[in-house]
Amino acid sequence: MKAIMLRTLMPMAFLFTMLSCSSDSSDEGNLPNGNSALVENYDYNPTELELMRIINEHRQSINLPVLQPINHISYKSEEHNEYMIENNVVNHAYFEERSQNLVQVLGAVKVNENVAYSFNTPQAALQAWLESPSHKANIEGDFTHFGISVRISPETGRKYYTNMFIKK
């Protein structure tokens with residue numbers, strides 16, 4: 001009986017771990033390849049602009065301050081989307097490295113991240129995040145800035161979303 005229960009719960013625990021949100025407020029760790037240059041330019045697509053707008057509208061609707069976008073955060077989010085597309089995964093792999101980069105380059109004191117996959121619209125992605133307590137906590141958290149990337153897999157046509165939040 002225990003073996004059957006263990007075999008049933010282990011995949012669920014693994015899936016939950018892979019799809020949960022990441023957070024980090026420490027300043028430990030090393031940057032991969034020493035890449036600590038500030039990225040100042042980022043070309044937002046209409047989906048990213050819409051998602052930023054509706055996240056801030058949600059925050060305003062519950063009397064929270066709007067988050068200011070930072071191009072460097074969106075660039076780091078885009079890097080993660082490209083990684084997920086290339087490896088056909090949805091996860092928070094290398095979050096520590098992204099987090100440390102934002103700490104070192106932008107002076108972040110707190111960093112969190114939401115990821116999503118296969119939602120056709122920004123509204124659908126936001127709704128799914130708001131229905132998840134940990135994702136909602138990031139969206140409604142004590143942050144000052146954010147960045148967003150939405151990329152489409154050329155092979156599957158599915159959208160990948162990475163949304164990073166920082167507090168300065």
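Bear in mind the structure is a predicted one, so any value in this text is a computation, not a measurement. Residue numbers start at 1 and run along the sequence shown.
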* Pair Arg59 + Glu140, salt bridge at N-O below 4.0 Å -> no
* Can you name the residues that form a side-chain hydrogen bond (donor to acceptor under 3.5 Å, both in side chains) with Thr156, not counting sequence neighbours? -> Ser153
* Supply the members, apart from Leu64, of the Ile/Leu/Val/Met/Phe/Trp/Tyr cluster built from side-chain contacts under 4.5 Å; use none for a lone residue. => Ile62
* Listed by chain and number, what are the ring pair (Phe, Tyr, Trp, His ring centres under 6.0 Å) partners of Phe146, not counting sequence neighbours? -> none
* Axial cation check for Phe119 ring with Lys159, 6.0 Å and 45° limits -> no
* Asp142 bridged to Lys167 by N-O distance under 4.0 Å -> yes
* 4.5 Å side-chain heavy-atom contact, His80 and Lys76 -> no
* Would you please name every residue forming a ring pair (Phe, Tyr, Trp, His ring centres under 6.0 Å) with Tyr161, sequence neighbours left out? => none
* Can you find a pair of side-chain heavy atoms, one from Phe165 and one from Ile139, that are under 4.5 Å apart? -> yes
* Going through the distances and angles, do Tyr75 and Glu40 end up as a side-chain contact (heavy atoms from CB on, under 4.5 Å)? -> CA-CA 9 Å; Tyr75 176 78; Glu40 296 183 28; over 6 Å; no
* Among all residues two or more places apart in sequence or in another chain, which pass the ring pair (Phe, Tyr, Trp, His ring centres under 6.0 Å) test with Tyr117? -> Tyr160
* Between Gln104 and Gln100: side-chain donor-acceptor atoms closer than 3.5 Å -> no
* **Full working for side-chain hydrogen bond (donor to acceptor under 3.5 Å, both in side chains) between His72 and Asn101** => CA-CA 10 Å; His72 185 81; Asn101 178 272; 2.5 Å; yes
* Asked: Can you name the side-chain hydrogen bond (donor to acceptor under 3.5 Å, both in side chains) partners of Ser74, sequence neighbours left out?
  -> Tyr44
* Asn112 side chain to Asn138 side chain, donor-acceptor N/O pair below 3.5 angstrom -> yes
